[in-house]
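Structure, as structure tokens:
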Amino acid sequence: MNYWLMKSEPSVYGIADLKRDRQTIWDGVRNYQARNFMRSMQVGDRAFFYHSNTTPPGIVGMMQVVETNVIDPTQFDPQSEYYDAKSKPDSPRWQTVRLEFEKEFAEIFTLDLLRQQFTPDELWVVRQGNRLSVMPVEEAIALRILSQVQAI
DNA sequence: GCCAACGTTGGC
DNA sequence: GCCAACGTTGGC
């Protein structure tokens, strides 16, 4: 079982949306490194839900991977902003995962707090200029974060 | 809204 | 295969 961190802008899709939907396909990722991490995910892995582009940014909850190697349907949808004309149905470029809501934190674990507790080597999200939207989190780091939060 | 960081594209 | 131009991310 591995831990991950996945970013989303709450104005696009936030923890409240996942709580309502219970499950979601994590679509729209168009970065190869992020995609490769999602390809390596396994059922039962847990992921921190990170709110980006908001005040303050930070981790707001936990999700669980319930299905792997999901073809991102938006790549074939010309109406979607994530449409990829170069991706063909017989060899899709973009795979993702299905995630299930696990819990929402009583309080956001802010980026500022993460910076105070972890070095950029320990936790990639605190690296300056990091634009990666899916990244691994070491178990020891994940457990330190989880020991400091309460679920709603 | 600004802009630094940085990934991608495409001409050569 | 280099790299300038361009587009996007995301903190502030």
Side-chain angles (χ1 to χ4, degrees), chain A residues 2-21 23-41 45-65 68-138 141-142 144-146 148-150 152:
Chain A
N2 293 300
Y3 287 92
W4 306 90
L5 182 149
M6 303 174 81
K7 297 180 187 173
S8 181
E9 299 185 22
S11 61
V12 178
Y13 195 87
I15 188 79
D17 298 299
L18 181 61
K19 196 173 187 177
R20 177 198 64 217
D21 297 342
Q23 290 193 353
T24 191
I25 291 174
W26 202 261
D27 60 15
V29 172
R30 293 295 179 269
N31 170 283
Y32 287 105
Q33 197 179 0
R35 181 207 62 184
N36 292 344
F37 281 132
M38 290 202 293
R39 280 182 174 174
S40 72
M41 288 181 183
D45 283 1
R46 298 170 79 199
F48 291 99
F49 196 134
Y50 179 95
H51 277 179
S52 64
N53 241 312
T54 188
T55 307
I59 297 170
V60 293
M62 287 298 282
M63 318 180 264
Q64 274 195 26
V65 176
T68 58
N69 290 306
V70 176
I71 307 293
D72 184 340
T74 62
Q75 66 195 303
F76 302 126
D77 176 7
Q79 307 305 317
S80 171
E81 61 174 309
Y82 306 121
Y83 178 61
D84 182 352
K86 294 177 183 169
S87 183
K88 300 298 167 199
D90 56 354
S91 61
R93 271 190 189 180
W94 306 107
Q95 290 82 25
T96 182
V97 291
R98 180 183 295 276
L99 293 158
E100 184 171 80
F101 176 82
E102 182 183 324
K103 61 187 173 190
E104 181 179 6
F105 297 164
E107 290 178 35
I108 184 170
F109 201 103
T110 63
L111 177 60
D112 194 47
L113 203 49
L114 291 168
R115 284 220 165 93
Q116 289 174 33
Q117 298 195 14
F118 305 107
T119 68
D121 280 340
E122 288 176 322
L123 187 65
W124 293 9
V125 78
V126 307
R127 286 182 196 180
Q128 190 192 10
N130 192 341
R131 295 165 49 189
L132 191 61
S133 65
V134 178
M135 65 190 76
V137 178
E138 281 178 43
I141 304 296
R144 277 174 63 188
I145 295 168
L146 288 170
Q148 298 176 61
V149 298
Q150 264 191 309
I152 286 178

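Values in this document were obtained by computation on a predicted structure and should not be read as measured data. Naming convention: chains lettered A, B, ... in sequence-line order (proteins, then strands); numbering from 1 in each chain.
Each salt bridge (Lys or Arg N to Asp or Glu O under 4.0 Å) pair with one or both residues in residues 74-84 of chain A, not counting sequence neighbours, appears once here: A:D84-A:R93. Sequence neighbours left out, not one pair with a member in residues 114-126 of chain A passes salt bridge (Lys or Arg N to Asp or Glu O under 4.0 Å).
Two residues, A:K86 and A:N130, neighbour DNA chain B, and the one matched to the more 5' nucleotide by heavy-atom proximity is A:N130.
Applying the side-chain contact (heavy atoms from CB on, under 4.5 Å) test to A:N2 and every residue at least two apart in sequence or in another chain returns A:W4, A:Q42, A:D45. Taking the side chain to side chain donor-acceptor pair (under 3.5 Å) definition, one finds that A:S87 meets it with A:Q75, sequence neighbours left out. Partners of A:Y82 according to the side chain to side chain donor-acceptor pair (under 3.5 Å) rule, which considers only residues two or more places apart in sequence or in another chain, do not exist here. For A:S8, the side-chain contact (heavy atoms from CB on, under 4.5 Å) partners at least two apart in sequence or on another chain are A:Y13, A:W26, A:F49. Residues satisfying the side chain to side chain donor-acceptor pair (under 3.5 Å) criterion with A:Q33, sequence neighbours excluded, are absent altogether. With sequence neighbours excluded, the residues satisfying side chain to side chain donor-acceptor pair (under 3.5 Å) with A:N53 are A:E9.
Contacts between residues 47-55 of chain A and DNA chain C, defined by a heavy-atom separation under 4.0 Å, are made by A:Y50, A:S52, A:N53. Of the residues in residues 27-39 of chain A, those with a non-hydrogen atom less than 4.0 angstrom from any atom of DNA chain B are A:N31, A:Y32.
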For residues 103-112 of chain A, which side-chain donor-acceptor pairs fall under 3.5 Å, sequence neighbours excluded?
from	atom 1	to	atom 2	distance (Å)
A:E104	OE1	A:K19	NZ	3.0
A:T110	OG1	A:L113	N	3.1
A:D112	OD2	A:Q116	NE2	3.4

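Without hydrogens or angle criteria, A:N130 side chain to A:W124 main chain gives a donor-acceptor distance under 3.5 Å.
Residue A:Q128 is classed as a sugar-phosphate contact, given heavy-atom separations below 4.0 Å to backbone atoms only.
Of all nucleotides in DNA chain C having an atom under 4.0 Å from a heavy atom of chain A, the first and last in 5' to 3' order are C:dG7 to C:dC12.
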